[in-house]
Amino acid sequence: MNKETTLLKLKTGEKALVKEILGGKNVKEKLNAMGIYPGAEIKKSISPSKGPIIAEILRYKIAIGRGMAEKIIVYENNPDGKS
Amino acid sequence: MKIILTGNPNVGKSVVFSRLTNIGAVSSNYPGTTVEILLGKAKLAGETFDISDVPGAYSLGSDNEAERIAAEVISSKQYDLIIHVLDATALERNLFFSFSIIESQKPVIFLLNKSDLAKNKGIYIDPKKLSSYLGVKVLPIIATTGEGFEELNSLIKSFISNSSDFIPVKQFPKSEGDKWKIIGEISRSCQRIEHKHPGLAEKLEIMTSTPNTALPFAAAVIISSFFIIRFIGENLINYVLDPLFSQYYMPLILKIKDFNLNPLIQSFLLGKTLSPTESFGILTTGIYIPFVTVLPYIFSFYLILSLTEDIGYLPRLAVILDRFSHKIGLHGYGTIPLIMGLGCKVPGILSLRILETRKEKIIAASLLFLFSPCMPQTAMIFSILSPFPIKYTFLVFGYLFILGMSAGFILNKIIKQETPELFMEIPPYQIPSFKMLIFKLKIRLKEFIKDAVPMIIFGVALINILDISGSIEKITSFFSPVFSRLLNLPGEMGALMAIGFLKKDVSIAMLAPFNLTASQLVTASVFLVSYMPCAASLFVLRKELGIKNFFAAVSFNFIISLFFTWLLSAILNF
Ligand SMILES: Nc1nc2c(ncn2[C@@H]2O[C@H](COP(=O)(O)OP(=O)(O)OP(=O)(O)O)[C@@H](O)[C@H]2O)c(=O)[nH]1
Ligand SMILES: [Mg+2]
């Protein structure tokens, strides 16, 4: 079973599939243009306890503020964290 | 005929532009280097084209000024050909924006740039397949070495003879979900990826992005930059430029005395004393300040900045500073204009365009003026405080930092608007190319010599004339009460303020003849740096912020500066 969580809570090094993005049309469009849309694969590269997180999508890295990362709902598809 | 260069940020458009036009365009390894349209001419296939380097964008629906400019240019259709640049190391994301270009139904050539990097990463893209999938011409290139530019030239030749061949032939779905589906298909059939082991870059990545190690690293980078810049600058002055000036230039210039010119003219040219820092003659001080005191620091600052930019450290620094920046109403990206401003305010102000909200722009603009003195000012502060222990120099910069932070806290409380969250691409680290570094350094030095040097000489000339005509005394007596009572500085500071408005480095240089104490120099420097931006940056700021925000920012700035200088002088004279 795939567990649902947010990009913010996802652990370092784990991959996940984006389930949905909470928030307005603007945020969705902005994320979509960068390759973050329902169904996209995303990997958490760095998750500090404070400050923005860094994720990897489509072989490039992106820094995302914590509030925004919380609005990105993902399916944890790799519970052991190994790819 | 007109060509525009489009693409995602940081794909190499400006490198392509420089190569085609021979105009130096600044390129750096972070998104948002180009924030305004650059125009140039290029001779391609025997014909002259007007080429525009357009700011990068991820989509046409934009949320900052730079992207808005890009969207406007693209939808204006006022061009004959689009040269669309893609980063081969991140094909999929680049393709998403490419669909908007294809939709515009204008002739287009796709350049698949950074082929060298892609290969290093084990990414192989078949340009022919990609071309037939997309229905446009695709050409792999390496902009930094010039590989593929001959082929581009032949493509342009066929464009001239038959431009309709270059209009995209395929239609793509409008829905965004479907676009990503097609991108997935294209990626699977045109691209092959070999797994590579994470190298040194990946280790550096982790070290410079994980807070425990990244914070000390950032501190080390900032502090060592300060010392390296000072070291290079100081040594260039002491061992190269000052000896050149005093041993070769001065004896030559002093021959003017042999002509027995009118004393007024002679004192205009050579000044009253012999010291090149105190005479204010246009041929003595007017040359000494820009070329001996300031230029070495401009050189060493831009050397270090360019290196940091090209390696790709700035976006990481922005991420690390993000949490802290939010306390002063900015997000981490807002620190980039501030860093630019340490060189010269004008590019700093222009790069405010990468920020989204009015609040961030006002705060970043204020901080730009309050706590990031431009290099010429910094150089003058170094120079004027060089006879004293280095703690005074630190005091100036440390106090400016506190001043700026306090202003940020206040503005963050006053302006009620949400600061958007950080959301920015982090380009991979790269080994900077020496050639590109020198190229960029040349552009920036040329700019300084072209824009700043004449203004410095003009400022020195003006002071000289005011002095000869006796007007300085009048200005002095007018401002005297403020400066002598409030700030414990000589009344002549009023004249410095009037000049400082034109050229701030000159106003700091003018402190030299007053024989001030170290504390007075510190107070005066803090005030002259922060009270108001120079004329050139005021002009640009008004254009960028609009008249209302501009006045708000400038008056706030003045009040804060006056208050903090007063506080400093009170503390120092306690
Ligand atoms: N290895 C490699 N690096 C490249 C190539 N082309 C550009 N670069 C580097 O990529 C970075 C970005 O280049 P720019 O020309 O500033 O990119 P841009 O598209 O103008 O970016 P914005 O102005 O931010 O939209 C710079 O550090 C360049 O040196 C290439 O073909 N190979
Ligand atoms: Mg550019």
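These values consider heavy atoms only, across backbone and side chains, with no hydrogens, waters or symmetry-generated copies. Proteins come first, then strands; the chains are lettered A, B, ... in the order of their sequence lines, and each starts at number 1.
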Could you tell me whether the side chain of B:Trp180 and the main chain of A:Pro38 form a donor-acceptor pair under 3.5 Å? no

Atom pair CG (B:Leu422) and CZ (A:Arg66), whose distance is rounded to the nearest 0.5 Å: 12.5 Å

Turns out that what part of A:Ile57 lies under 4.5 Å from chain B's heavy atoms comes down to neither

Determine whether B:Lys121 and A:Arg59 make a side-chain contact, defined as any pair of heavy atoms from C-beta on separated by less than 4.5 Å. no

Heavy-atom pair count under 4.5 Å with chain A, highest-scoring of B:Thr210, B:Asn212, B:Asp87: B:Thr210

Of the backbone (N, CA, C, O) and the side chain (C-beta and beyond), which part of B:Ile320 lies under 4.5 Å from a heavy atom of chain A, both, or neither? neither

Between A:Tyr60 and B:Ile426, is there a side-chain heavy-atom distance shorter than 4.5 Å? no

B:Glu202 portion near chain A, given a 4.5 angstrom heavy-atom threshold: side chain

d(B:Ile206 CD1, A:Ile54 CD1) to nearest 0.5 Å is 10.5 Å

Rounded to the nearest 0.5 Å, what separation is found between the OG atom of B:Ser187 and the CG atom of A:Leu58? 8.0 Å

State the NZ-OH distance between B:Lys181 and A:Tyr37, to the nearest 0.5 angstrom. 10.0 Å

Only pairs of heavy atoms separated by less than 4.5 Å count here; which of A:Ser45, A:Pro48, A:Gly39, A:Ala40 has the most with chain B? A:Pro48

Would you call A:Met34 and B:Phe96 a side-chain contact if the rule is heavy atoms closer than 4.5 Å? no

Tell me, side chain or backbone of A:Ile36 under 4.5 Å from chain B's heavy atoms, or both, or neither? side chain

I'd like to know whether CD of B:Glu194 has more than 12 heavy-atom contacts from other residues, nucleotides or ligands below 6.0 angstrom. yes

Which heavy-atom pair separates A:Ala63 from B:Val319 by the least distance, and what is that distance? CB-CG2, 3.6 Å

So, the side chain of B:Glu421 versus the backbone of A:Met68: is there a donor-acceptor pair under 3.5 Å, distance only? yes

How about B:Lys119: does its NZ atom have over 12 heavy atoms from other parts shown lying under 6.0 Å from it? no

Residues 4-11 of chain A vs chain B, non-hydrogen distance cutoff under 4.5 Å, contacting residues -> none

Need one label for B:Thr89: side chain, backbone, both or neither, based on atoms under 4.5 Å from any heavy atom in chain A. backbone

Residue B:Ile123 versus chain A: region with a heavy atom under 4.5 Å: side chain

In plain terms, say whether A:Lys30 and B:Glu176 are close enough for a salt bridge, that is, a side-chain N and a carboxylate O under 4.0 Å apart. no

How long is the span from the NZ atom in A:Lys50 to the CZ atom in B:Phe324, to the nearest 0.5 Å? 14.5 Å

Do B:Glu205 and A:Lys61 have side-chain heavy atoms sitting under 4.5 Å apart? yes

